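Structure first, then comments.
Whatever order the structure lists ligands and atoms in, that order sets their numbers, starting from 1. Keep in mind that this is a model prediction, so the values were computed, not measured.
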Amino acid sequence: MQKKLDKIAKDTNLFLKKFVQRQKKSELIIPMKYGLFSRGKKIRSKILVDIGSIFKINYKSLIIIGSAVECIHSYSLIHDDLPCMDNDSIRRGKPSTHIKFGESTAVLAGNSLLTMAFEILSHKSLNLSEKIKINLINKISESSGHLGIAGGQYLDLSFEHKKISKKRIVDMEIKKTGKLFSFCCVAPLIIKKRSKQEINKFENLGADIGLLFQVADDLIDNKGSLSAAGKKTGKDKIKGKATLISLLGHKNTIKYANKLILKINTKIKEYGSSTKNLSETLEYILNRKKWKKNTNI
Ligand code: IPE
Ligand code: IPE
Ligand code: MG
Ligand code: MG
Ligand code: MG
């Protein structure tokens, strides 16, 4: 699993490096690269490649689409760490972008990474019809805006220090994290022009996978260490974040996550042995072991 993830990370970084190199230089490119090329796991790209292989999409296209996703993901992390949001000073084992370059530069570098995703998806190096590209851009935009990342982040912040129901916490986590995973799950079906019904099914599957990922991240924050996570931990409690852990406790949240994996695996059963890689990724997400104190990765 780690080898496959490393290869995807390497290929994605290579595409992004070349893409950036071909553009004209600007002052913002240094903070953008700082936020983008910093040991991110590329788990969203892995999900995209896993689902893409079920639908026999060529690897190169998946890497390009994954690169766009990683730009949006990195932008969301730069903004997530800002003082007006989670106020975090360490990200991926180094100072957060605003600590290194200042707040206004971090905001603008984040904005530029967000829009770079659309440049990538509309670029000629992605060898797909214009109609398909428009459909991909439409979906990724929806995943990033008020119905996705931005909307979810809004809820995350407005729920701080409040007692929030399980249903609303799940809705918030699906928006802030799940929707981008949904995009990764439906992009291959958009390319293959599958039915609305099937796209809907994969959209929900992605929401569940993203929820699982966010729950695992919350578990890491609750019990993991900075050295293993590459970011400060124990912060959700201090900030009064509404998480499933705050509602159900650590142990019951692990149970919740295990049930979620079962649910996801049942959903993908009908696609047979081609889902082996995806199941492996799901196990990896929950068993990153980073919520066990002092575990090194
Ligand atoms: C962290 O995402 C933020 C969440 C949505 C939970 P990742 O854990 O995927 O971050 P990187 O890219 O590997 O640093
Ligand atoms: C971030 O969630 C979700 C995003 C959409 C960026 P967190 O705030 O839990 O992510 P970390 O723990 O700072 O990486
Ligand atoms: Mg946050
Ligand atoms: Mg945060
Ligand atoms: Mg977190």
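There is no side-chain donor-acceptor pair under 3.5 Å between Gln153 and Ser76. A donor-acceptor contact closer than 3.5 angstrom links the side chains of His123 and Ser125. For the 3.5 Å distance criterion, the side chains of Ser246 and Lys241 fail to qualify, holding no donor opposite an acceptor. In the model, Thr243 has no side-chain atom that pairs as donor or acceptor with a side-chain atom of Asp236 under 3.5 Å. Judged purely by distance below 3.5 Å, without hydrogens or angles, the side chains of Asn265 and Ser279 pair a donor atom with an acceptor atom.
The closest approach between Arg44 and ligand 1 falls below 4.0 Å for a heavy atom of the residue.
Of all the heavy atoms of Asp221, none lies under 4.0 Å from any atom of ligand 2, so neither backbone nor side chain is involved. Contact annotation: for His73 versus ligand 2, there are no heavy atoms closer than 4.0 Å. Only the side chain of Asp217 comes within 4.0 Å of ligand 2, counting heavy atoms alone; its backbone N, CA, C and O stay farther away. Heavy atoms of Lys235 found under 4.0 angstrom from ligand 2: none, in either backbone or side chain.
Between the side chain of Ser143 and the backbone N or O of Leu180 there is no donor-acceptor pair closer than 3.5 Å. Counting only distance, with no hydrogens or angles, the side chain of Ser26 and the backbone of Leu28 share a donor-acceptor pair below 3.5 Å. For Ser96 (side chain) and Asp88 (main-chain N/O), a donor-acceptor pair under 3.5 Å exists by modelled atom type.
For atom 3 (C) of ligand 1, the nearest non-hydrogen atom of the protein is Leu77 CD2, 3.6 Å. Atom 6 (C) of ligand 2 has Ser76 OG, 3.3 Å as its closest protein atom, hydrogens excluded (heavy atom only). The single protein non-hydrogen atom nearest to atom 1 (C) of ligand 2 is Asp80 OD1, 3.7 Å, given as residue, atom name and distance. For atom 8 (O) of ligand 1, the nearest non-hydrogen atom of the protein is Lys41 NZ, 2.5 Å.
Put simply, Asp80 gets within reach of the Mg ion (ligand 4), with an N, O or S atom under 2.8 Å from it.
The two atoms that bring Gly110 and His79 nearest to each other are CA-NE2, 3.7 Å, heavy atoms only.
Of all atoms in ligand 1, numbered sequentially from 1 with element shown, those under 4.0 Å from a heavy atom of Arg92 are 11 (P), 12 (O), 14 (O). The distance from ligand 1 to the heavy atoms of Thr177 drops below 4.0 Å at these ligand atoms: 5 (C). Listed by number with element, the atoms of ligand 1 under 4.0 angstrom from any heavy atom of Gly40 are 11 (P), 12 (O), 13 (O), 14 (O). Residue-ligand proximity, Phe213 to ligand 1, at heavy-atom distances under 4.0 Å covers atoms 2 (O), 6 (C), 7 (P), 8 (O), 9 (O).
By the 4.0 Å N-to-carboxylate-O rule, Lys201 lies too far from Glu198 to be salt-bridged with it.
Other residues, nucleotides and ligands contribute only 12 or fewer heavy atoms inside 6.0 Å of the NZ atom of Lys3.
Closest approach between the Mg ion (ligand 4) and any N/O/S atom of Asp86 involves OD2.
Note: an N/O pair closer than 3.5 Å links Gln214 and ligand 2 by distance alone. Considering backbone and side-chain atoms together, Arg91 places an N or O closer than 3.5 Å to an N or O of ligand 2. Among the atoms of Arg39, none of the N or O lies under 3.5 angstrom from an N or O of ligand 1. The N/O atoms of Asp86, backbone and side chain alike, include one that comes under 3.5 Å of an N/O atom in ligand 2.
A cation-pi geometry, defined here as NZ or CZ lying under 6.0 Å from the six-membered ring centre and within 45° of its normal, holds between Arg44 and Phe213.
Between Lys176, Gln153, Lys239, Lys231, it is Lys231 that holds the heavy atom closest to atom 14 (O) of ligand 2.
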